[in-house]
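For ligands, and for the atoms within them, numbers begin at 1 and follow the listed sequence.
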Amino acid sequence: MTPFIRVAVPVPTLDLLTYRVPTGLPPPPVGARVIVPVGARAVTGVVVAHTDAMPGRMADVAIKPFVRALDERPFVPARVVELAQWTAEYYAAGAGATITAVLPPKARGDRADGHKVRRVAALTPEGNLALRAGTAISPRQRDALQMITEQAEGVPIAELADRGISADRVARLAKAGWIHVRTETVERDPFQASGFVGPPLDDARRLTAEQRTALDRLTAWAAAAAFRVALLHGVTGSGKTEVYLRLAASVRRSGRQVLLLVPEIALTPATSALFHRAFGGEVAVQHSGLSEGERHDQWQRIRRGSVGVVIGTRSAVFAPLERVGLIVVDEEHDGSYKQEETPRYNARDVAIVRGQRADALVVLGSATPSLETYHRAMQGKYDRVTLTRRIHDRPLASVTVVDMREEYASAGPDVILSRALREALTDRLERREQAVVLLNRRGYSTAVFCRQCAGTVDCPNCSVSLVVHGVSPGTRRAQCHYCSYSVRVPQLCQACGGSFLEQTGFGTERVEAEIGRLLPVARVARVDRDTIRRRGALDALLTRFRRQELDVLVGTQMIAKGHDFPSVTLVGVISADVGLGMADFRAAERTFQLLTQVSGRAGRGETPGEAIVQTLYPDHYSIQLACHQDYVGFYDRELRFRQAMRYPPTVSLINTIVRAKTFSGAMQDAAELVARLRAASAGGSEFRVLGPAPAPLGRLRGEYRVQFLVKGKHRRHMREALMAVVASLPEVSRRTTVDVDPLSVL
Ligand code: ADP
Ligand code: ZN
């Protein structure tokens with residue numbers, strides 16, 4: 001007999017809860033939904049395990065029974081529940097937070113016409129301050145505001161209602177000025193909604209010899225139905241997508257299912273369009289760009305087993321498939337696979353665990369594999385399959401590096417476009433070819449500073465300077481890129497009252513304006529987070545570019561990913577070193593990946609491509625080796641750096657950030673954690689603790705941030721020691737974020 005069930009409820013702060021199975025009732029199976037009492041509320045959770053004995057000391061009779069089971073059979077497949085449990089444990093996240101990531105979104109108020117309207121609540125700057133200051137705010141209000149901050153774009157009212165925040169309470173928060181509520185319209189069919197016109201699907205197309213060899217090896221491994229990880233290392237434009245497509249087809253013929261993860265659907269429309277055309281109604285998509293209704297519908301289709309191929313972003317790694325035979329992680333190095341909020345999982349690594357448990361083949365595809373992945377391939381843990389040549393043997397773009405120090409010396413400090421890039425752009429315009437210009441920094445100018453006192457205009461809540469947005473001086477606003485703070489660009493310096501305010505540094509808005517000024521006939525558009533806010537805006541822009549209704553596309557890293565535009569023959573990179581200034585151990589790796597990927601966008605059609613890379617550090621190895629498209633050279637060099645500095649992949653790393661209202665408070669709490677952790681590891685030299693020290697981003701949304709790093713060989717041991725110490729200080733633990741395998745330590 002099984003008298004107790006362990007239940008995960010979608011409440012981020014809660015761990016597994018235990019309930020009694022009432023006598024005479026069968027225990028609901030793992031994966032079934034149950035309604036359970038939590039405090040005074042009834043909440044829907046998922047059964048995660050059965051247990052005979054109650055953990056802890058409480059008498060059995062004191063354990064509450066569950067209220068009602070919603071399913072007789074698993075709602076979430078048991079294997080996916082187990083995967084979620086693994087994720088919760090590995091990433092030191094609560095079961096509650098993790099099960100939330102696994103469950104389908106709620107579908108509410110859907111109407112047959114395919115549109116629905118929903119109301120979304122988001123925090124105002126006042127609300128933000130109230131939450132951080134903690135004054136004049138009740139615990140219940142605090143909970144509600146906390147919940148609303150969880151999602152950057154705000155939380156739908158319907159979801160708040162499900163999580164126990166009544167409409168009344170929402171109204172009161174709005175009245176206090178702490179939140180504002182907006183109305184959004186969302187459509188239903190993910191493929192109809194997008195105007196994307198993909199490249200034609202050509203079944204009869206012959207694979208290149210390299211593609212054929214790669215496909216044959218992968219197909220044999222998939223057919224073996226045993227766990228294996230293969231790195232598909234193929235240069236940009238080598239035809240990896242075609243290999244995925246045919247591999248997926250062979251796995252489908254064997255009756256097993258395919259999971260294809262992509263960094264961001266809207267940014268890899270060609271891939272999803274190709275799969276959709278090849279597999280038709282067999283395909284389901286899962287990504288955050290869909291409305292909740294769409295996502296819910298697709299999730300249900302997958303769960304019912306009527307889907308053979310799932311394409312999705314990060315969270316699709318938990319798609320409720322029962323018979324996975326192949327998992328492809330495209331652009332496996334991409335940072336968007338890492339979730340930067342709890343649970344802080346990396347979908348690529350969860351995919352590998354999922355593949356292992358399903359006896360599936362996992363294919364990691366990239367032109368610039370992450371150091372972790374390549375390292376494992378070198379150690380023989382993964383198989384490596386390579387595509388060394390572009391389709392039709394098209395040459396990789398020829399790359400010219402422009403030393404901007406020389407440009408400044410000859411043309412003054414305000415130069416944005418070097419002479420070489422200006423001439424190349426003019427030339428492309430005359431030849432009716434297209435160009436892509438990358439600058440990985442949004443905004444018009446990146447700082448406002450006072451010529452009298454040298455003060456900058458900073459965010460009152462975060463330790464960063466404000467970025468100016470808006471091309472015409474009258475409408476310019478200074479915004480914080482980390483919190484929601486924004487003001488009109490001040491006329492006078494707030495520090496000294498001086499009127500000599502100057503804007504320095506530049507972002508994508510300024511580059512767009514500059515190209516427009518120099519080439520008035522060019523049709524220029526910009527792709528960054530500011531221009532694609534509206535749903536469908538990105539698709540529309542990319543479609544116009546593909547149809548050659550635009551000549552130049554200016555944008556952030558978004559334009560560096562996966563797109564295949566045959567008429568692009570020029571790629572310009574402005575400030576290639578933007579990322580190198582960051583105090584982050586992956587800075588060089590990111591720069592190398594970005595430059596390689598973006599120069600891979602040029603020359604994918606008949607005409608050879610050219611890339612012009614502007615930088616202040618022309619000799620930096622990440623820039624030099626990217627220009628020569630020398631991945632292996634970069635890997636060797638970077639690995640030596642990581643070995644010397646003891647950074648991943650040569651050691652495991654956990655980053656812990658402690659937040660507090662004062663710097664000294666944060667420092668004290670972090671020091672206490674570190675002291676206890678060092679005491680716990682005393683004797684053995686199992687791991688090292690570095691810190692505490694102020695985090696590079698020392699203040700964020702009104703809170704001070706102090707960090708310490710744990711480095712060592714045994715991740716499990718490190719994590720368990722750290723979690724025990726964090727749990728020993730419950731008050732501090734609420735202000736502590738633990739990031740296992742961090743992508744960034746800012
Ligand atoms: P990657 O993902 O490796 O950068 P893609 O999959 O985007 O490369 O392929 C590059 C281009 O080559 C695409 O336009 C694709 O349609 C085309 N392509 C792929 N395989 C073949 C083939 N065997 N014959 C002709 N064209 C191909
Ligand atoms: Zn801020």
Side-chain angles (χ1 to χ4, degrees), residues 123 125 128-129 132 149 152 198-215 231-248 260 262-263 267-275 277-278 328-334 363-369 385-394 396-397 456-467 477-487 546 560-568 593 596-606 609 629 631 697-705:
L123 225 59
N128 205 8
L129 287 176
R132 299 306 155 197
T149 53
L201 180 66
D202 183 357
D203 276 335
R205 181 148 80 184
R206 290 196 36 203
L207 293 182
T208 64
E210 271 192 339
Q211 280 176 318
R212 167 60 51 206
T213 311
L215 180 63
L231 163 62
L232 179 59
H233 185 192
V235 296
T236 52
S238 58
K240 293 185 284 293
T241 313
E242 190 75 26
V243 174
Y244 303 150
L245 197 64
R246 299 195 191 209
L247 180 60
L260 170 66
V262 292
L267 299 175
T268 44
T271 309
S272 37
L274 273 175
F275 271 76
R277 268 183 248 180
V328 176
V329 185
D330 190 24
E331 310 288 0
E332 66 83 26
H333 63 276
D334 198 288
V363 177
L364 308 180
S366 179
T368 51
V385 179
T386 49
L387 298 174
T388 59
R389 296 150 93 174
R390 281 186 152 188
I391 295 296
H392 304 310
D393 275 330
R394 280 181 190 132
L396 289 162
T456 51
V457 179
D458 296 332
C459 176
N461 312 318
C462 312
S463 53
V464 294
S465 57
L466 297 178
V467 175
R477 289 187 76 78
Q479 291 176 11
C480 173
H481 280 187
Y482 290 91
C483 73
S484 47
Y485 185 81
S486 125
V487 280
R546 184 180 300 282
K561 296 185 186 180
H563 313 293
D564 191 23
F565 297 117
S567 335
V568 171
Q593 286 163 348
T596 311
Q597 296 285 343
V598 74
S599 32
R601 299 306 120 216
R604 291 167 77 95
E606 309 274 306
Q629 303 258 344
Y631 177 81
L697 193 56
R699 224 172 130 238
L700 185 62
R701 297 190 195 96
E703 286 182 316
Y704 288 87
R705 305 164 83 241

Test item, [X] contacting ligand 1 (heavy atom, 4.0 angstrom):
{"X": "Thr271", "answer": "no"}
{"X": "His392", "answer": "yes"}
{"X": "Gly234", "answer": "no"}

Check whether any side-chain heavy atom of [X] sits under 4.5 Å from a side-chain heavy atom of [Y], and report yes or no.
{"X": "Thr236", "Y": "Arg390", "result": "yes"}
{"X": "Leu232", "Y": "Tyr244", "result": "yes"}
{"X": "Leu215", "Y": "Leu247", "result": "yes"}
{"X": "Glu242", "Y": "Ile391", "result": "no"}
{"X": "Gln597", "Y": "Glu331", "result": "yes"}
{"X": "Ser463", "Y": "Leu697", "result": "yes"}

Ligand 1 N/O within reach of Gly237 N/O, cut-off under 3.5 Å: yes
Min N/O separation Gln211 to ligand 1 under 3.5 Å: yes
At under 4.0 Å between heavy atoms, which part of [X] makes contact with ligand 1: side chain, backbone, both or neither?
{"X": "Leu387", "result": "neither"}
{"X": "Arg206", "result": "backbone"}
{"X": "Ile391", "result": "side chain"}

Minimum non-hydrogen distance to atom 5 (P) of ligand 1, winning option of Ala367, Ser366, Gly239: Gly239
Under-2.8 Å protein N/O/S neighbours of the Zn ion (ligand 2), ordered by chain then residue number: Cys459 SG, Cys462 SG, Cys480 SG, Cys483 SG
Any sub-3.5 Å donor-acceptor pair from [X]'s side-chain atoms to [Y]'s backbone N or O?
{"X": "Tyr631", "Y": "Pro369", "result": "yes"}
{"X": "Arg601", "Y": "Ala560", "result": "yes"}
{"X": "Arg546", "Y": "Pro566", "result": "no"}
{"X": "Glu210", "Y": "Thr388", "result": "yes"}
{"X": "Gln211", "Y": "Gly239", "result": "yes"}

List every atom of ligand 1 that sits less than 4.0 Å from any heavy atom of [X], numbering the atoms from 1 in the order shown and giving each element.
{"X": "Thr236", "value": "4 (O)"}
{"X": "Ser238", "value": "1 (P), 3 (O), 8 (O)"}
{"X": "Val235", "value": "3 (O)"}
{"X": "Leu207", "value": "23 (N)"}

Taking every non-hydrogen atom, the tightest pair across Gln479 and Ser486: CG-CB, 3.8 Å
